[in-house]
Amino acid sequence: MDVFVCTADPKMEPPTLVINTVLSAMSYNYPPEKLNIYVSDDGGSQFTFYALLEASLFSKHWIPFCKRFNVEPRAPEAFFAQHSSLQDSKFAQELLAIKILIDGRDTSAVDNEGSRLPTLVYMAREKRPNWPHNFKAGAMNALIRVSSEITNAPFILNLDCDMYSNDADTIQEILCFFLDEKKGDEVAFVQFPQQYDNMTKNDVYANVNHASNEAELAGAGGYGAALYCGTGCFHRRESLSGEKYSKGERVQWNIEGKKNEGRSVNDLEESSKVLASCSYEKGTQWGKEMGLMYGCPVEDIVTGLAIQCRGWKSVYYNPERRAFLGLAPSTLEVGLVQHKRWSEGLSQIFLSKYCPFTYGHGRIKLGAQMAYSIYLLWAPFSLPTLYYVIVPSLCLLKGISLFPEVSSPWFLPFAYVFVAKNVFSVLEAMNCGSTLKAWWNLQRMWLIRRTTSYFLALLDIFKRKLGLSETTFTLTDKVVTEDASKRYEQEIMEFGSSSLMFTMLATLALLNLFTLVGGIKKILMDFKALEQLMVQIVLCGIIVLINLPVYEALFIRSDNGRIPSSVMFNSVVLASVLCLLPTY
């Protein structure tokens with residue numbers, strides 16, 4: 001089993017995150033001679049490299065400690081956070097012996113009980129200004145080649161640097177899928193849901209959509225087309241190498257990965273350098289038919305689709321004990337930037353030759369094609385949402401009715417759809433383990449995302465189609481200030497920057513507040529208008545309720561997480577101008 005861990009920036013992804021993930025992977029209950037961990041550092045950081053050196057020595061004490069006491073989780077930071085005070089004297093005495101030591105990398109070293117340690121390889125691939133490095137996809141492809149030279153394990157686990165292993169028996173569990181005698185040979189990858197250990201009780205930023213994890217993604221897996229989400233995923237090596245699935249062809253599992261027993265460490269390092277060079281892929285199929293696909297910010301989704309269209313199946317596995325835990329965005333801006341990148345990349349897939357309805361026609365089932373489209377159309381969903389946020393509100397202010405009167409029979413379909421959709425959504429969320437407040441936070445975040453990050457992503461897609469911009473990769477910042485972290489724990493939304501998305505958000509919130517006040521004033525002056533404008537009053541009122549945290553950040557809060565004065569001024573002016581626009 002080869003485990004790939006990717007990192008790119010020691011400031012945004014601190015080395016402590018990386019080594020926690022590495023140590024949790026090294027501590028699996030799996031034969032260490034068959035377990036190999038590869039770290040790709042696209043930042044080429046000395047801090048990350050020496051942190052990894054330190055971790056390799058610490059692993060000699062940490063791994064036997066974990067296995068002796070069968071501890072969970074096996075990421076040191078997460079474990080010590082859960083066990084700050086330990087009562088068992090023998091256990092505590094063992095903990096006192098665990099120290100951060102000065103170490104050197106030695107792949108043949110043993111732990112302090114004489115057992116062999118897993119292989120640990122550090123890679124900083126070559127990057128030149130005039131050569132495309134293709135971001136995370138390029139790092140993963142380099143890892144695939146380098147690992148094939150050194151260990152060549154038949155299975156690969158792909159982890160983000162902030163997502164540690166939370167179950168030491170996960171490898172043994174997933175091998176049941178790959179080694180199943182009836183259908184195991186057709187499984188290309190097994191995807192686990194993305195879950196986090198820094199979630200607040202009511203998930204203020206809706207980082208985990210419980211209904212999506214329990215229903216939507218599981219439904220796609222039911223068609224043999226589970227989405228590859230970029231982390232927490234076990235792959236069959238040949239499926240990542242561009243091979244097509246051949247029905248009836250059985251894999252010889254008694255064949256082990258390369259031993260390279262006759263080659264020195266220096267020899268392996270030198271031969272691997274060629275595979276990690278920036279010019280190696282020139283004129284090859286890497287990034288096209290082999291490895292992860294290039295040219296898309298969400299290389300994972302398009303790669304999974306391409307693998308499935310080559311005849312392979314994929315499995316979505318959501319066990320009772322969470323297998324992996326990562327860090328969710330703890331500020332609103334970071335979450336919106338992340339969703340902008342996701343929605344932009346997903347819609348690029350829909351508009352490219354990899355559209356599930358064309359590229360997947362005859363290759364994957366119609367249900368799988370539709371399951372992909374739920375996510376690939378995130379960016380276009382911004383347009384109808386913006387319409388319902390802006391147009392009914394402005395028409396309310398002008399006294400223009402857009403919906404049937406309450407007494408009209410045509411009102412019933414609108415009322416039925418609204419009530420049925422929301423009642424079903426609440427019941428589904430509660431059944432999947434969410435809370436009522438978490439469901440309300442999810443509604444708020446869907447509105448915020450669709451009117452800011454998804455809309456900006458759609459504009460960037462049009463710019464790219466016109467040749468005015470190129471594909472970029474925005475790294476998610478994993479570091480926040482202490483006071484922002486405290487506000488996150490208290491479920492207070494963070495607005496403390498002058499982001500364009502916050503200006504858009506505040507403008508729309510103020511627009512609906514102004515029009516609601518104007519609409520109520522109009523009804524008080526002419527009560528007969530209530531029946532005509534009732535639906536718009538309700539719609540505008542719901543939007544105002546959803547935006548209550550925005551109004552607090554604009555006018556009430558005084559902490560550093562409030563909306564800056566410049567954003568408030570711009571938003572008030574823009575909302576006022578919109579209210580003055582003529583409506584026909």
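Looking at heavy atoms from C-beta onward, N36 lies out of side-chain contact with V121 at the 4.5 angstrom threshold. Proximity of V22 to L120: side-chain heavy atoms (C-beta onward) are separated by under 4.5 Å at one or more points. Put simply, the side chain of K463 reaches to within 4.5 Å of the side chain of D460, judged on heavy atoms. Inter-residue side-chain proximity for Q348 and P297 is flagged as met; some heavy-atom pair is nearer than 4.5 Å. At a threshold of 4.5 Å between non-hydrogen side-chain atoms, the residues K67 and N29 count as touching. A 4.5 Å side-chain heavy-atom check between L52 and D41 finds every atom pair outside the cut-off. Contact annotation: the side chain of T452 never approaches that of L456 to less than 4.5 Å [non-hydrogen atoms, C-beta and beyond]. Residues L332 and M445 have side chains in contact (heavy-atom distance under 4.5 Å, counting atoms from C-beta outward).
Judged by distance alone, the side chains of Y375 and E216 do bring a donor and an acceptor atom under 3.5 Å apart. Checked by atom type, the side-chain pair E214/N318 shows a donor-acceptor distance below 3.5 Å. A donor-acceptor contact closer than 3.5 angstrom links the side chains of E281 and Y294. A donor atom on one side chain and an acceptor atom on the other are not found under 3.5 Å apart for N20 and R74. Y196 and N207 share no donor-acceptor pair across their side chains, judged by distance under 3.5 Å alone. No hydrogens or angles considered: a donor-acceptor pair under 3.5 Å links the side chains of Q308 and Y372. With 3.5 Å as the limit, one finds a donor-acceptor pair spanning the side chains of E149 and S271.
Of all heavy-atom pairs between A139 and S40, the closest is CB-OG, 3.3 Å. Residues F192 and T170 share a closest heavy-atom pair of CZ-CG2, 3.6 Å. Scanning all heavy atoms of the two residues, the minimum distance from F79 to P73 falls at CB-O, 3.5 Å. Scanning both residues, V39 and L143, for their nearest heavy atoms gives C-CD2, 4.5 Å. Closest heavy-atom contact between Y316 and G221: CB-CA, 4.2 Å. Contact record, S497 with E333: OG-OE1, 2.9 Å, taken as the closest heavy-atom pair.
Remark: the backbone N or O of N209 is not paired with any side-chain donor or acceptor of S212 at under 3.5 angstrom. With E13 contributing its side chain and D162 its backbone, the two residues share no donor-acceptor pair below 3.5 Å. Checking side-chain atoms of N198 against main-chain N and O of A328 turns up a donor-acceptor pair under 3.5 Å. Between the S373 side chain and the Q369 main chain, a donor and an acceptor come within less than 3.5 Å of each other. Listed for the D197 side chain is no donor-acceptor partner under 3.5 Å among the backbone atoms of L325. Looking only at distances, a side-chain donor or acceptor of R321 sits under 3.5 Å from a matching main-chain atom of N166. Side-chain N or O atoms of D203 include one that pairs as donor or acceptor with a backbone N or O of V208 at under 3.5 Å. With hydrogens and angles ignored, the 3.5 Å screen pairs no side-chain donor or acceptor of D169 with any backbone N or O of Q172. Judged by distance alone, with hydrogens and angles left aside, the side-chain atoms of Y122 form no donor-acceptor pair with the main-chain N or O of T48 at under 3.5 Å. A donor-acceptor contact shorter than 3.5 Å links the side chain of S24 to the backbone of S165.
Interatomic distance, CG of L117 versus CD1 of I63, reported as 5.0 Å (0.5 Å rounding). To the nearest 0.5 Å, the span separating CG on L23 from OG on S59 amounts to 6.5 Å. Here the CG atom belonging to D42 is positioned 4.0 Å from the CZ atom belonging to R125, to the nearest 0.5 angstrom. The CE atom of M293 lies 12.5 Å from the CG atom of D300; values are rounded to the nearest 0.5 Å. Atom OG in S147 sits 9.0 Å away from atom CE in M140 (nearest 0.5 Å). Distance SG/C161 to CD1/I19: 11.5 Å, rounded to 0.5 Å.
Using a 30° and 60° split on the angle between ring planes, W62 and F65 fall in the tilted class, from 30° to 60°. Taking the six-membered ring for Trp and thresholds of 30 and 60 degrees, Y38 and F4 have ring planes more than 60 degrees apart, a perpendicular arrangement.
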Carefully, step by step, assess L240 and N141 under the rule side-chain contact (heavy atoms from CB on, under 4.5 Å).
-> CA-CA 9 Å; L240 280 178; N141 287 344; over 6 Å; no

Please step through side-chain contact (heavy atoms from CB on, under 4.5 Å) for the pair V337 and V334, ending with a clear verdict.
-> CA-CA 5 Å; V337 169; V334 171; 5.8 Å; no

Applying side-chain contact (heavy atoms from CB on, under 4.5 Å), run through E299 and K136 and close with a yes or a no.
-> CA-CA 8 Å; E299 69 290 324; K136 181 181 176 180; 3.7 Å; yes

Decide side-chain hydrogen bond (donor to acceptor under 3.5 Å, both in side chains) for E173 and Y317; before the verdict, give the C-alpha distance in whole Å, the side-chain angles of both, and the deciding distance to 0.1 Å.
-> CA-CA 10 Å; E173 289 184 22; Y317 183 42; 2.9 Å; yes

What's the verdict on side-chain hydrogen bond (donor to acceptor under 3.5 Å, both in side chains) for Y454 and S347, showing C-alpha distance, side-chain angles and the deciding distance?
-> CA-CA 10 Å; Y454 292 179; S347 293; over 6 Å; no

Worked verdict on I37 versus T119 for side-chain contact (heavy atoms from CB on, under 4.5 Å) = CA-CA 6 Å; I37 290 82; T119 300; over 6 Å; no

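Annotation: Y164 is not in aromatic contact with F324 [ring centroid separation under 6.0 Å not met].
Shown here are the salt bridge (Lys or Arg N to Asp or Glu O under 4.0 Å) partners of D167, two or more places apart in sequence or in another chain: there are none. Not a single salt bridge (Lys or Arg N to Asp or Glu O under 4.0 Å) links E186 to another residue, sequence neighbours left out.
The pair R236-E243 does not meet the salt-bridge criterion, since no charged nitrogen lies less than 4.0 angstrom from a carboxylate oxygen. Salt bridge K340/E344: present, at least one basic N to carboxylate O contact under 4.0 Å. Checked for salt-bridge contact, R237 and D2 meet the test: a charged N lies under 4.0 Å from a carboxylate O.
If you run ring pair (Phe, Tyr, Trp, His ring centres under 6.0 Å) between F155 and each of F178, F189, F234, only F178 comes through.
A cation-pi arrangement, defined by a distance under 6.0 Å to the six-membered ring centre and an angle within 45 degrees of its axis, is present between R145 and W286. Relative to the ring axis of Y359, R363 places its NZ or CZ within 45° and under 6.0 Å from the centre.
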For residues 222-233, run the donor-acceptor check on the side chains, cut-off 3.5 Å, and write out each pair with its distance to 0.1 Å, sequence neighbours left out.
{"residue": "Y228", "atom": "OH", "partner": "N158", "partner atom": "OD1", "Å": "2.5"}
{"residue": "T231", "atom": "OG1", "partner": "D160", "partner atom": "N", "Å": "2.8"}

